[in-house]
Enquirer: 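Could you have a look at this structure, given as structure tokens, before my questions?
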2 protein chains.
Amino acid sequence: MTAPALAARARLFAALGDPARLAMVERVAAGPVSVSALARPLSLSLAAAVQHIQILERTGLLRTEKQGRVRLCRLEPQALRTVEDWLTERRTAWNSAFDRLADLLTQPEPSRPE
Amino acid sequence: MTAPALAARARLFAALGDPARLAMVERVAAGPVSVSALARPLSLSLAAAVQHIQILERTGLLRTEKQGRVRLCRLEPQALRTVEDWLTERRTAWNSAFDRLADLLTQPEPSRPE
DNA sequence: AAAATACTTAAATTTTCACTTGACTATCCA
DNA sequence: TGGATAGTCAAGTGAAAATTTAAGTATTTT
């Protein structure tokens with residue numbers, strides 16, 4: 001599995017970037033939920049909730065399955081791992097940023113920025 | 001330091017949810033950069049770049065400092081740790097989701113969803 | 001001192017988003 | 001069977017967001 005392109009990662013972050021959707025993800029992380037159980041605590045209409053859920057589904061954050069007249073939503077942990085991987089990539093960089101800072105404090109030779 | 005409220009975390013994700021800003025964060029993670037060095041590879045006007053940078057600054061993802069006529073942008077690793085912390089919180093939950101799945105496979109007593 | 005560089009600011013425009021409304025379908029329960 | 005429940009779909013609306021434009025300031029550089 002190859003790392004998603006920047007645009008795809010941005011869509012993932014954007015999906016988490018709405019308070020309603022973030023709350024939904026948190027709720028779904030605790031276990032499977034129906035659409036109305038996601039909508040109710042957020043005072044969202046069902047129609048609005050469905051639209052958020054579609055976005056979360058498209059970005060791979062959750063997967064749904066219809067059982068009778070109820071649609072069950074489950075977390076797709078894979079997507080959150082993508083976020084983890086991205087952080088890991090950055091961590092290397094920002095650690096070396098700390099290293100450079102440490103260098104500055106010991107030997108006064110700043111690396112010239114672009 | 002207390003965990004940011006849901007709304008604040010959503011704003012953080014939203015800041016990363018724009019392709020231009022995500023690219024900027026990746027670039028800044030590699031070391032300090034000027035505003036134009038951030039704008040150029042993205043084919044953004046300076047004015048547009050400045051506005052993105054302001055958003056990244058407000059959400060705490062970076063900090064800037066003017067040196068002469070150049071404004072230098074640096075990563076603020078603290079903000080990315082907030083994302084890490086959020087993932088850690090969810091990980092517990094989604095691991096126990098896996099546990100429940102394992103339970104299902106061994107003993108056929110599904111936990112009823114809401 | 002003059003020209004070029006590197007932003008800054010505000011206002012106008014375009015585009016995208018979240019949400020609503022209203023009508024409709026499928027399932028469950030009494 | 002009939003009514004309530006759970007969700008679906010397609011427009012339409014309003015507000016927020018991203019980008020452009022245009023004019024201005026501060027700092028080099030020559």
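Every heavy atom of this structure was used, including side-chain atoms; hydrogens, water molecules and symmetry mates were not. In what follows, chains are A, B, ... by sequence order, proteins preceding strands, each numbered from 1.
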Enquirer: How close or far is atom P of dT19(D) from atom CG of L42(B), stated in whole angstroms?
Expert: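 Between P of dT19(D) and CG of L42(B): 10 Å.
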Enquirer: Just call it for I55(A): base, sugar-phosphate, or nothing, with non-hydrogen atoms closer than 4.0 Å on any strand.
Expert: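 If one applies the 4.0 Å heavy-atom cut-off, I55(A) turns out to touch the sugar-phosphate alone, with no base involved.
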Enquirer: Aromatic rings F13(B) and F13(A): how do their planes relate, parallel, tilted or perpendicular, breaks at 30° and 60°?
Expert: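 Parallel.
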Enquirer: Measure from CG on L16(B) to P on dA17(D) and round the result to the nearest Å.
Expert: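 For the pair L16(B) CG and dA17(D) P, the rounded distance is 15 Å.
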Enquirer: Got L61(B) and E76(B) here, is their nearest side-chain heavy-atom distance under 4.5 Å?
Expert: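 No, too far: nothing below the 4.5 Å cut-off.
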Enquirer: What's the verdict on side-chain hydrogen bond (donor to acceptor under 3.5 Å, both in side chains) for R11(B) and T59(B), showing C-alpha distance, side-chain angles and the deciding distance?
Expert: CA-CA 7 Å; R11(B) 270 192 297 278; T59(B) 57; over 6 Å; no
Enquirer: What is the distance from CD of E65(A) to C1' of dG7(D), rounded to the nearest Å?
Expert: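 Value for this atom pair: 15 Å.
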Enquirer: Is any side-chain heavy atom of L80(A) closer than 4.5 Å to one of L75(A)?
Expert: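 They are in contact (side-chain heavy atoms under 4.5 Å apart), so the answer is yes.
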Enquirer: Nearest whole Å is fine: how far is dC7(C) P from L46(B) CG?
Expert: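 My rounded result for the distance is 6 Å.
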Enquirer: Taking for each residue the nucleotide of DNA chain D with the nearest heavy atom, is it Q54(A) or R69(B) whose nucleotide lies nearer the 5' end?
Expert: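 This one resolves to Q54(A).
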Enquirer: Below 4.0 angstrom from OP1 or OP2 of dC19(C), is there any side-chain N or O of S45(A)?
Expert: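 Answer no for this pair, as no side-chain N or O of S45(A) is under 4.0 Å from OP1 or OP2.
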Enquirer: Starting from P on dT8(D), measure out to CG on L38(A) and report it in whole angstrom.
Expert: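 One finds 12 Å between P of dT8(D) and CG of L38(A), rounded.
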Enquirer: Which whole-number value in Å describes the distance from L44(A) CG to dA6(D) C1'?
Expert: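 It is 16 Å, rounded to the nearest whole Å.
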Enquirer: Does a side-chain N-to-carboxylate-O contact under 4.0 Å join E26(A) and R9(B)?
Expert: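 Yes, this pair counts.
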Enquirer: Would you mind telling me which of dC9(D), dT27(D), dA18(D) lies closest to the side-chain atoms of A47(A)?
Expert: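 Closest of the options to the side chain of A47(A): dC9(D).
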Enquirer: When you measure from the side chain of A48(A), which nucleotide among dA18(D), dT20(C), dC7(C) comes out closest?
Expert: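 Nearest nucleotide to the side chain: dT20(C).
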Enquirer: For the side chain of Q51(A) and the base of dT20(C), is some donor closer than 3.5 Å to an acceptor across the two?
Expert: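 Answer is yes: a donor-acceptor pair is held.
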Enquirer: Using heavy-atom distances to pick each residue's nearest nucleotide on DNA chain C, tell me which of A14(A) and K66(B) is more 5'.
Expert: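 Comparing both residues, the 5'-ward one is K66(B).
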Enquirer: Would you indicate which nucleotide in dA18(C), dA18(D), dA22(D) comes nearest to any side-chain atom of D18(B)?
Expert: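 The closest nucleotide is dA18(D).
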Enquirer: Counting heavy atoms from C-beta on, name the nucleotide in dC7(C), dT19(D), dA18(C) closest to the side chain of R21(A).
Expert: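 Selected nucleotide (nearest to the side chain): dA18(C).
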Enquirer: Considering heavy-atom distances to DNA chain C, does S36(B) or H52(A) have its closest nucleotide positioned more toward the 5' end?
Expert: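 In this pair, the answer is S36(B).
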Enquirer: Within this structure, what is the CZ-to-P distance between R71(A) and dT25(C), rounded to whole angstrom?
Expert: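 In whole Å, dT25(C) P lies 18 Å from R71(A) CZ.
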